[in-house]
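Structure first, then comments.
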There are 2 protein chains.
Amino acid sequence: MEGRKQMHEETTDVEAVLREALGASGQRFTEQRAAVFRFLRSTESHPTADEVFLRVRTDVPGISLATVYKSLETLVGCGLAAKLTYVDGSARYDGRTDDHHHVRCLGCSRVMDLPHRVDDGEVARLQASADGFRVTGVRLELTGYCPSCDPEAAGAPA
Amino acid sequence: MEGRKQMHEETTDVEAVLREALGASGQRFTEQRAAVFRFLRSTESHPTADEVFLRVRTDVPGISLATVYKSLETLVGCGLAAKLTYVDGSARYDGRTDDHHHVRCLGCSRVMDLPHRVDDGEVARLQASADGFRVTGVRLELTGYCPSCDPEAAGAPA
DNA sequence: ATCCTTGCAAAGCATTTGCAGTCAC
DNA sequence: GTGACTGCAAATGCTTTGCAAGGAT
């Protein structure tokens, strides 16, 4: 089936992307970095460093937590990942680097991606009052409750 | 002048607000909590716990950092302050609890308040794709450069 | 062969906690 | 007087760092 072939192509592509980005900044391709990058690209769960560690350990048994931290920082430095920080203080990593927004569930702490971006006109309106300020980025996060955590919804919310 | 009288009234009012909020949740009014609250209300600088500590220490010489942390948490619990977290991982506190947004300068790290809020229609549009999710809050932060830090502006950027 | 990376363990830093004395009520 | 609050210091948890061995180019 096409499925397997496509999967293989994607894997290859992911490695190529990583090799290129690392090479461009004079850094080396390693199995550890590849595993971290592959996992980040494969999930939308915006994992913490520790979650990455636990998962990647199944692919690269001997990897250490320190290496995961270093790899994540390397990826962020290459522009292949983004670092998010939440109110609880935990850092999370996102394999998507395009400008997008998030919804976070106050119940289960899950973070999901939003397909739409804030309208440029809206940004311009908000920015208008910060005079002289040159805006380069917008970060937006919706908070609330996902269907299975909603305390106001009918079902028993765990 | 009116200035002095108004200032005194405000101070009194701030304490009354604090007393009421604390009483409502069975907690006690203390000089330390009052000093922390007063400082938060008086500034727009969104200070870290340590900055609060350094400043409040001039009013309450013997106060400890642990007490500042506890007081800040108490205020957040009473709804008299909000806790913010930035990408660098540092927690900051905001004496304003109404729903408002921020601009952060990538040069000097200063955080300022934005007078406008994201339009409800825009939130609805963004939310539309997160189906089943009940949105309760919106957090937005603009990032960029303030006039004195803008590297693309004419003057020497420090 | 060079020097970047890894894994380990120790160090760092912000925040939290335990506890005895103190204070608000 | 009672129970909450403070200050101190120790503890915690996440993240970073130093270093010798190993690996990519």
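Side-chain atoms are counted along with the backbone in the values below, which use heavy atoms only and exclude waters and symmetry mates. Letters A, B, ... mirror the listed sequences (proteins, then strands); counts begin at 1.
- Not one N or O on the side chain of B/Glu20 forms a donor-acceptor pair closer than 3.5 Å with the backbone of B/Val17.
- B/Asp113 meets the side-chain contact (heavy atoms from CB on, under 4.5 Å) test with B/Glu44, B/His46, B/Asp94, B/Arg96, B/His100, B/His102; sequence neighbours excluded.
- For C/dC3, its base sits under 3.5 Å from the side chain of A/Arg28 at one donor and acceptor pair at least.
- We find that CG of B/Leu54 is positioned 11 Å from P of C/dA14, with the value rounded to whole Å.
- When atom types are taken as modelled, the side chain of B/Glu15 and the backbone of B/Ala34 share no donor-acceptor pair closer than 3.5 angstrom.
- Spacing between atom CZ of A/Arg33 and atom C1' of D/dG23 amounts to 12 Å, rounded to whole angstrom units.
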Would you give me the side-chain donor-acceptor pairs under 3.5 Å for residues 64-76 of chain B, sequence neighbours excluded?
unit_1: B/Ser64; atom_1: OG; unit_2: B/Thr67; atom_2: N; d: 3.2
unit_1: B/Ser64; atom_1: OG; unit_2: B/Thr67; atom_2: OG1; d: 3.1
unit_1: B/Ser71; atom_1: OG; unit_2: B/Thr67; atom_2: O; d: 2.8
unit_1: B/Thr74; atom_1: OG1; unit_2: B/Lys70; atom_2: O; d: 2.8

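- For DNA chain D, the neighbouring residues in residues 17-27 of chain B, judged by any heavy atom under 4.0 Å, are B/Gln27.
- In this structure, B/Asp50 atom CG and C/dT16 atom C1' are separated by 15 Å, rounded to whole Å.
- If you measure from atom CG of B/Leu72 to atom P of C/dA14, you get 15 Å, rounded to the nearest angstrom.
- Residues that satisfy the side-chain contact (heavy atoms from CB on, under 4.5 Å) test with A/Thr58, not counting sequence neighbours, are A/Arg55.
- In this structure, A/Arg57 and A/Phe53 have side chains that are in contact, with non-hydrogen atoms separated by less than 4.5 Å.
- Within 4.0 Å of A/Thr30, counting heavy atoms only, lie sugar-phosphate atoms of the nucleic acid but no base atom.
- For DNA chain C, the neighbouring residues in residues 55-65 of chain A, judged by any heavy atom under 4.0 Å, are A/Gly62, A/Ile63, A/Ser64.
- To the nearest 0.5 angstrom, A/Leu18 atom CG is 8.0 Å from A/Thr30 atom OG1.
- Nearest-nucleotide assignment on DNA chain D puts the 5′-proximal partner with B/Thr67, out of B/Thr67 and A/Glu73.
- Residues B/Thr143 and A/Arg139 form no side-chain contact, since every pair of their non-hydrogen atoms from C-beta on lies 4.5 Å or further apart.
- The nearest whole Å value for the distance from the OH atom in B/Tyr69 to the C1' atom in D/dC5 is 19 Å.
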I'd like a list of close polar pairs between nucleotides 17-22 of chain C and the protein, N/O only, cut-off under 3.5 Å.
unit_1: C/dG18; atom_1: O6; unit_2: B/Lys70; atom_2: NZ; d: 3.4

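- By the rule that hydrophobic residues join a cluster once side-chain heavy atoms approach within less than 4.5 Å of another member, B/Leu114 and B/Met112 end up as members of one cluster.
- Which of C/dT15, D/dT16, C/dT6 sits closest to the side chain of A/Gln32 comes down to C/dT6.
- Separating the CG atom of A/Leu75 from the P atom of C/dT5 is a distance of 12 Å, rounded to the nearest angstrom.
- The same ILVMFWY cluster, assembled from side-chain heavy atoms under 4.5 Å apart, contains both B/Val52 and B/Leu22.
- Inter-residue side-chain proximity for A/Phe133 and B/Leu142 is flagged as unmet; no heavy-atom pair is nearer than 4.5 Å.
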